[in-house]
Amino acid sequence: QVQLVESGGGLVQAGGSLRLSCEASGSIFRLIRMGWYRQAPGKQRELVALITSGDNTNYADSVKGRFTISRDNAKNTVYLQMRSLKPEDTAVYSCNFKLIHNDYWGQGTQVTVSS
């Protein structure tokens, strides 16, 4: 089975930056896309950003121009660079690897943005 581990979360002031990493271990093959999702307190989980194996990307409107998703296939790692963070970005961020027949999730990392 594939295991995903996120890192890079923490407490940051509004306007600051954080870089999240998600490293996968196990048998990674037939990878379709990778993504970042978040769930804020009292809210449903939402898509933040996606990146395909061909480096096509998609972002939620709320983060366009501020967040950048990227990947390093050699390291089986996907990143989320977050800039100009806002308090409303506070959430648990989880990474996802979508393979042809399976979908894998990390445990999540907390991002808290304060004023």
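Just so you know, residue 1 is the first one in the sequence shown, and it goes up from there.
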query: Who else is in the cluster with Ile32 when I, L, V, M, F, W and Y are joined by side-chain contacts under 4.5 Å?
result: Ile100
task: Applying salt bridge (charged side-chain N to carboxylate O under 4.0 Å, His left out), name anything that partners Lys43, two or more places apart in sequence or on another chain.
output: none
message: Would the distance check show the side chain of Thr77 and the main-chain N or O of Lys75 forming a donor-acceptor pair, the cut-off being under 3.5 Å?
response: yes
query: Does the Arg83 side chain pair with the main chain of Gly65, one donor and one acceptor, at a distance under 3.5 Å?
result: yes
query: With sequence neighbours excluded, what pairs up with Val2 under the side-chain contact (heavy atoms from CB on, under 4.5 Å) test?
result: Leu4, Ala24, Ile28, Tyr104
message: Counting neighbours of CD on Gln1 that are heavy atoms of other residues, nucleotides or ligands and sit closer than 6.0 Å, is the number greater than 12?
response: no
statement: Value for CE (Met82) from OG1 (Thr68), rounded to nearest 0.5 Å, stands at 11.0 Å
statement: Of all heavy-atom pairs linking Gly108 and Ser94, the shortest is CA-OG, 3.6 Å
task: Could I get the full list of salt bridge (charged side-chain N to carboxylate O under 4.0 Å, His left out) partners for Arg66, not counting sequence neighbours?
output: Asp89
- prompt: Nearest 0.5 Å, what's the OH-CD1 distance between Tyr79 and Ile69?
  reply: 12.0 Å
field: Sequence neighbours excluded, every pair satisfying disulfide (SG to SG under 2.5 Å) that has a member inside residues 71-115
entry: Cys22-Cys95
task: Please tell me if the side chains of Val78 and Ser70 come closer than 4.5 Å, counting only heavy atoms from C-beta onward.
output: no
query: What residues form a side-chain contact (heavy atoms from CB on, under 4.5 Å) with Gln39, not counting sequence neighbours?
result: Arg45
message: Just so I know, are the side chains of Val92 and Thr109 near enough to count as touching, which here means a heavy-atom distance under 4.5 Å?
response: no
query: What pairs with Ala91 under side-chain contact (heavy atoms from CB on, under 4.5 Å), at least two apart in sequence or on another chain?
result: Arg38, Ala40, Tyr93
- request: Working to the nearest 0.5 Å, report the span between CE of Met34 and CG of Asn76.
  value: 9.0 Å
message: Going by the rule side-chain contact (heavy atoms from CB on, under 4.5 Å), which residues pair with Val12 if we only count those two or more places apart in sequence or in a different chain?
response: Leu18, Leu85, Val113
- request: Go through the structure and list residues passing salt bridge (charged side-chain N to carboxylate O under 4.0 Å, His left out) with Asp103, not counting sequence neighbours.
  value: none
- request: Could you list all the side-chain hydrogen bond (donor to acceptor under 3.5 Å, both in side chains) pairs where at least one residue sits in residues 49-59, not counting sequence neighbours?
  value: Asp55-Arg71
message: Within the structure provided, determine whether Trp36 and Asn96 are in side-chain contact (heavy-atom separation under 4.5 Å).
response: no
task: Could you list who else is in Leu47's hydrophobic cluster, with ILVMFWY side chains joined at under 4.5 Å, directly or through other members?
output: Tyr37, Leu50, Trp105
- prompt: Tell me, which pairs form a side-chain hydrogen bond (donor to acceptor under 3.5 Å, both in side chains) where one or both residues lie in residues 4-25, sequence neighbours left out?
  reply: none
